[in-house]
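Each ligand, and each atom within it, is numbered from 1 in the order the structure gives.
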Amino acid sequence: CIFCIVDDHAITAGGDPRELPARTFDLAVSFLAVGLDPDKALMFVQSDVPEHTELAWLFNAVTPVGDLERMTQFKDKSQRFESVPAGILNYPILQAADILLYKADAVPVGEDQRQHLELTREIARKWNAAYSEEFFPEPDALISKAGRILGLDGDAKMSKSVGNTVGILAEPDEVWARVRTAVTDPQRVKRNDPGRPEVCNVFTLHGHFSDSATIERISGECRAGEIGCVDCKKLLAESIADHFAPMRERAAHYRSRPDEVREILDSGARRAREIAQETITEVRHHMGLDWRSAVGTPSATGSAPGAAGSTTDAAQD
Ligand code: SF4
């Protein structure tokens, strides 16, 4: 498996560049904390492998603007800007490059990214049709059971930009501070009102983090008005904090050894570049960007009918 920390993507959202290095490092620590084994998987920082941005540029040649404008995320994100940066529009092309550079055949994504993955497949199809049949695979989406987790507001997907998250590596008191703000069944006003766990996002989150006995107990006591929402949320906060305890310990281990993390990322980037360079060399060849291969051949003297003029124009451009 290949895990890429996408700092080239991060800059499209703006933000303070002085914070980006620390955020990049923190994400590497988080990956290691949740169990990524660098002996089995590749992990690296996107900007350490410049072939990502090069392939994205080359994919511009086969990607219709209309396809990009149709992306739901583009429509959502572009509303946040007075003048929309081109990076917001082209973001899915870079995603396609991230995936296809390694000829990945499957990508774990959330439901909200399914559309971008479909565009990746479309870009692969178009590029293959234009330049080299069956060169790029069409990757499949791997959607997990927890494909779309609603945030604490019970309304939007859990997302840091919306501010409705619980941090995986948060300490137990921070987890409680976040979970206590969670929205519950709106019809439940008083502690003894019967509740509807099936419409309550806190209950859905219990389903991901609590054991089956706790889930069953809450379901019954909520319907009977025997448990208050605050107590129910306390149980959820405990379950979440317990679930992530081993990860918090591993994160502390790696935070105290930054050189180890740096070596893992450097080694990952070296290995990733070997694969990436092989792909990009072939892509450049198929797209006619290896001009040295033509030096001294008849077509390089301008004898190829119809092609010489356009080639010269392109070279001058
Ligand atoms: Fe939701 Fe729990 Fe309150 Fe029931 S008791 S409404 S499941 S938070």
Once you round to the nearest 0.5 Å, how far does NZ of K77 lie from CE of M71? 12.5 Å
Rounding to 0.5 Å, atoms OG1 (T184) and CG (L236) come to a distance of 12.0 Å
Ignoring hydrogens and geometry beyond distance, is a side-chain donor-acceptor pair present between S239 and D242 at under 3.5 Å? no
Please set out all donor-acceptor pairs under 3.5 angstrom arising from side-chain atoms of residues 27-41, sequence neighbours excluded.
from: S30; atom 1: OG; to: D26; atom 2: O; distance (Å): 3.0
from: D37; atom 1: OD1; to: D39; atom 2: N; distance (Å): 2.8

Atom 3 (Fe) of ligand 1 - number of protein N/O/S atoms closer than 2.8 Å: 1
Looking only at heavy atoms, which two atoms of I123 and A96 are closest? And how far apart? CD1-CB, 3.8 Å
Would you say the rings of F209 and F244 are close, in the sense that their centroids are separated by under 6.0 Å? yes
